[in-house]
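A short write-up of the structure that comes next.
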Amino acid sequence: MDISKRFNPKEIEDKWYRFWEEKGYFSGRVNPEKEPYSIVIPPPNVTGILHMGHALNNTIQDILIRYQRMRGREALWIPGTDHAGIATQNIVEKEIARQGLRRQDLGRDRFLKRVWEWKEEYGSTIIHQLKKLGVSCDWSRTRFTMDNEYSYAVREVFVRLYNKGLIYRGNYIINWCPRCQTALSDEEAPHREIEGFLYYIRYPLKKAGIRSSRSAKRNFKRVGLYGDYIVVATTRPETMLGDTAVAVNPRDARYRQLIGETLILPLINRQITIIADNIVDKEFGTGAVKVTPAHDPNDYLLAKKHKLDFINIMHPDGSLNDNAGDYKGMDRFQARKVILDDLKRNNLLERVEPHRLSAGHCYRCNTIIEPYLSRQWFVKMKPLAKPAIDVVRKGKIRFYPVRWKKVYLNWMENIQDWCISRQIWWGHRLPVYYCRDCQRESAEALADSLPTLEMTKSTGGRDSSVGSDGVIVSTSTPANCPVCGSGDIYQEEDVLDTWFSSWLWPFATFYWPRSDYSMDGSSPMSDLSYFYPTSALVTAPEILFFWVARMIMAGIEFMGDIPFRDVYIHGTVRDISGRKMSKSLGNAIDPLEIISEYGADALRFCLASSASQGDLFLAKEKFEMGRNFANKIWNAARFVLMNLEPSETMGDLCASFKENDLRLIDRWVLSRFYSMLKEVNRYLDDYRFSEAANLMYAFFWHEFCDWYLEIAKNNLRQKSTQLIMYKVLEKMLRILHPFIPFITEEIWHLLPHARESVMIQRWPHVQDEMIDKDMESQVGLLFEIIKTIRNLRSQIELKPERKAVVSIYLHAKARQQLIRENSDLIVNLGRLESLEVLGVSGRPQGTISSTTGEADIYLHFSGLVDINKERNRIKERRLGLDKMVKVKEQRLKNTEFVKKAPPPVVAKEREDVKKLKDESERLEKMLRELH
RNA sequence: GGGCUCAUAGCUCAGCUGGUUAGAGCGUCACGUUGACAUCGUGAAGGUCAGAGGUUCGAGUCCUCUUGGGCCCACCA
């Protein structure tokens with residue numbers, strides 16, 4: 001047979017991927033005969049390009065899917081992409097910016113057309129890249145979160161929640177990204193520490209000369225033109241332009257006399273009042289807080305409570321507006337500088353301290369978030385969260401590793417309402433319409449526009465604006481106002497948060513709210529009812545709140561059932577120094593580069609074997625391990641196939657096979673295989689991929705290749721050897737297939753059998769009757785002896801080509817038979833001329849010696865033996881043994897131990913002592929015999 | 001400020017519900033073209049399991065504290 005010496009992944013990967021696709025192996029269809037197993041892919045952004053995180057995430061899913069498919073489940077993996085509102089819009093905006101255009105120049109419709117064109121052209125990049133990985137998604141079901149049917153599901157959900165009173169609209173402080181010019185949810189504005197400053201600013205009192213107490217004196221001094229003042233501390237001095245009060249703690253003696261007094265807000269000369277509230281921390285700063293209701297969430301609440309004015313000083317792009325007086329038109333950070341200069345000039349900046357603070361950052365463009373008062377839409381989360389907490393707490397949904405359960409519950413129990421409106425164009429437009437005629441009659445008419453409200457008096461509570469005043473919510477565009485019949489209707493400009501569509505993914509991908517959809521049209525049940533709830537969700541920790549938690553809520557709310565049973569959360573991919581792998585840091589390893597250099601199998605295997613409990617620390621060299629393993633498998637297969645009789649087929653081999661033909665080593669390798677398989681099964685069912693991968697690796701390489709195949713070289717003409725080599729290889733291909741699908745398929749087709757693909761084979765059964773631990777330990781002794789001989793050889797630097805003569809004394813008579821029967825094995829692997837089994841103990845002339853736990857081994861040596869070296873070696877070993885004996889004897893002397901430890905543990909301890917002592921005595925004897 | 005997590009060989013990590021002579025891969029050193037594989041083989045060196053207490057007959061494994069990393073959440077201006 002002509003098989004290349006090296007495995008060359010490039011030549012075969014595309015071929016087999018096409019083969020699987022053409023055969024339709026990836027498709028999952030309703031099949032009442034089979035138990036379903038389904039996974040929905042975490043849909044990558046249409047803007048996405050494959051990175052290591054994707055590679056890891058999808059490798060794991062593919063392992064699960066292929067494994068379950070082989071176990072006889074109807075496996076379905078639904079792929080798709082996410083429209084990624086802000087990210088995609090940003091890309092297309094950048095594109096048109098090269099032509100000097102802003103999206104506003106094109107207008108909404110033309111801009112959206114451009115985005116769709118972009119999507120058509122580049123949107124499936126990541127899909128093609130995923131295929132390179134070998135993933136077995138059912139591509140005929142590929143979904144996009146802005147597909148027509150999907151969009152309908154989104155509107156349906158909005159309407160249902162609105163009608164239930166769970167969606168409301170109102171003016172609140174939200175996270176505003178001045179660069180993207182949209183609101184963001186709390187999750188989209190992660191806090192990051194920044195090195196900033198705390199600025200202490202003097203606010204003069206209108207009525208000078210008030211002293212509250214002696215202790216306060218240093219806080220009140222005369223400054224320039226102004227009278228006495230109060231000092232406030234802030235990290236964002238520019239917001240002072242929007243201040244409408246200063247707050248102090250009512251129990252703060254320093255300021256008690258000043259409560260209710262009026263201050264002159266510097267630079268803008270507005271009169272503001274000193275108010276008292278318990279939320280003010282006396283210890284922080286000066287104990288006096290400037291209150292900026294329109295630009296700080298705390299101040300907002302304070303202002304509601306104290307009925308203060310809300311002054312918005314900023315345009316949506318972060319520049320200051322008309323309310324900012326002389327600073328109007330400046331960018332917020334530029335304004336900060338100028339304001340600080342002006343304050344300094346007026347002797348109003350008391351001091352500046354370095355101050356570390358954490359601020360929200362836009363998760364799309366990393367711009368510092370501005371807390372911004374604007375009219376937005378929200379989902380009330382508490383009612384949705386409650387049942388979603390229950391299902392996790394009761395274990396209906398299980399997290400792997402389990403610690404994520406706590407993280408989930410902690411977040412869910414403190415959940416805040418979800419801001420779902422975005423001031424961008426690419427996305428699902430809110431199914432909200434306004435009737436102009438009704439609005440005209442409404443007192444709140446002016447407030448529907450984008451968040452440009454400049455100054456409003458405080459309004460009522462959080463729910464004040466729900467469902468009133470010309471608002472129509474409907475899945476389809478209404479022709480007339482259902483209240484007044486007017487046709488003067490327009491749709492809400494805002495679109496929904498991308499995650500407002502993603503959270504429906506586990507059922508909207510099955511065409512929910514339709515309940516009758518099935519892919520092949522003639523199924524006895526719908527896809528949704530067959531495949532939902534899905535079996536497992538595999539994802540990264542970053543999107544636990546964004547996505548996983550919300551899917552659980554949506555599943556329960558709209559399907560009445562959990563969306564998945566298991567959640568497996570894998571680690572984050574980092575570089576070798578622990579930094580998160582990212583394009584911007586320049587430390588990313590491109591999976592496609594790894595594939596082309598080492599092969600997709602190498603990539604997959606390395607990722608799987610690195611995917612233990614924590615994060616993954618990767619360096620390019622690490623993938624060599626996978627490549628080497630693939631090559632090892634390749635060559636082992638080559639060896640096995642080269643040594644099968646050309647005409648042999650599996651059937652011929654089996655037919656000529658008799659149980660008693662099996663040699664000890666044959667039974668050993670089978671026993672080891674099934675022992676390993678048993679554990680692999682357990683690990684896979686427990687989402688412990690690295691353990692499963694490493695077990696297979698160790699067995700294949702260090703047991704099957706290093707021992708079995710090496711021994712087989714001397715029995716190649718025996719049918720049983722050929723059969724067992726073949727059998728183990730064949731079974732290994734099956735169980736390795738989910739991890740390394742390409743090479744296993746390639747080798748599969750080189751096997752002399754007729755079955756068309758390894759991918760659709762059954763996962764092997766554990767044959768318990770083949771597992772024999774006692775026999776394994778007998779073989780273990782044989783290996784020990786061989787290793788000891790090799791060790792002795794290397795000590796006297798005996799060249800490999802020189803055959804040695806060895807005598808063995810077995811301490812247990814029963815083992816003599818074992819050694820005699822398998823002496824050929826020791827002779828061959830020990831490179832011996834002959835092996836003698838001694839009847840009595842004692843050192844033969846001209847030998848060097850060593851022991852295993854059960855045998856004394858003497859290697860005949862004609863050269864000069866360095867007696868001292870030999871003696872030291874034996875002594876050292878004895879020392880070690882005696883130390884262990886001491887520890888164990890001490891343990892046995894302890895009556896508590898003997899009384900309380902379980903009998904088998906005590907028995908084993910006794911046995912160990914006996915064995916160790918024996919060995920020690922034999923070493924002692926060897927020592928005596930040396931002279 | 002709250003929570004989670006980690007600290008085991010030079011590096012990256014295993015070590016499951018406490019009882020091994022503490023393992024693997026990579027790296028290092030020595031030897032090697034034995035009829036698959038140098039992307040290989042054989043052998044070796046290398047660890048007081050971060051530190052201190054405690055629970056227990058027994059702790060790398062459980063508890064507390066200390067030290068040092070990492071991550072997440074949070075409305076300290």
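Letters A, B, ... are given to chains in the order of the sequence lines, protein chains preceding strands, and every chain is numbered from 1. Computed from a predicted structure; not experimentally measured.
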Nearest-nucleotide comparison on RNA chain B, the residue closer to the 5′ end among A:Glu797 and A:Glu193: A:Glu797
Aromatic contact, A:Tyr687 with A:Phe399 (centres under 6.0 Å): no
Touch class at under 4.0 angstrom, heavy-atom based, for A:Asn791 against every strand present: sugar-phosphate
Ring-face cation contact, A:Phe639 with A:Lys713, 6.0 Å cut, 45° max: yes
Sugar-phosphate only, base, or nothing, as touched by A:Lys632 at under 4.0 Å among non-hydrogen atoms: base
B:rG27 and B:rG10, which share atom name C1', separated by this distance in whole Å: 7 Å
Interatomic distance, A:Asn894 CG vs B:rC57 P [rounded to whole Å]: 9 Å
Pair assignment for B:rA52, Watson-Crick or G-U wobble, requiring both distances under 3.5 Å: B:rU64
Pair of N/O donor and acceptor under 3.5 Å linking B:rU42 base with A:Arg790 side chain: no
Gap in Å between the two C1' atoms, one belonging to B:rC49 and one to B:rC13, rounded: 14 Å
C1' spacing across the pair B:rA24 / B:rU48, given as an integer number of angstrom: 22 Å
Carboxylate-amine/guanidinium contact A:Lys914 A:Glu911, below 4.0 Å: no
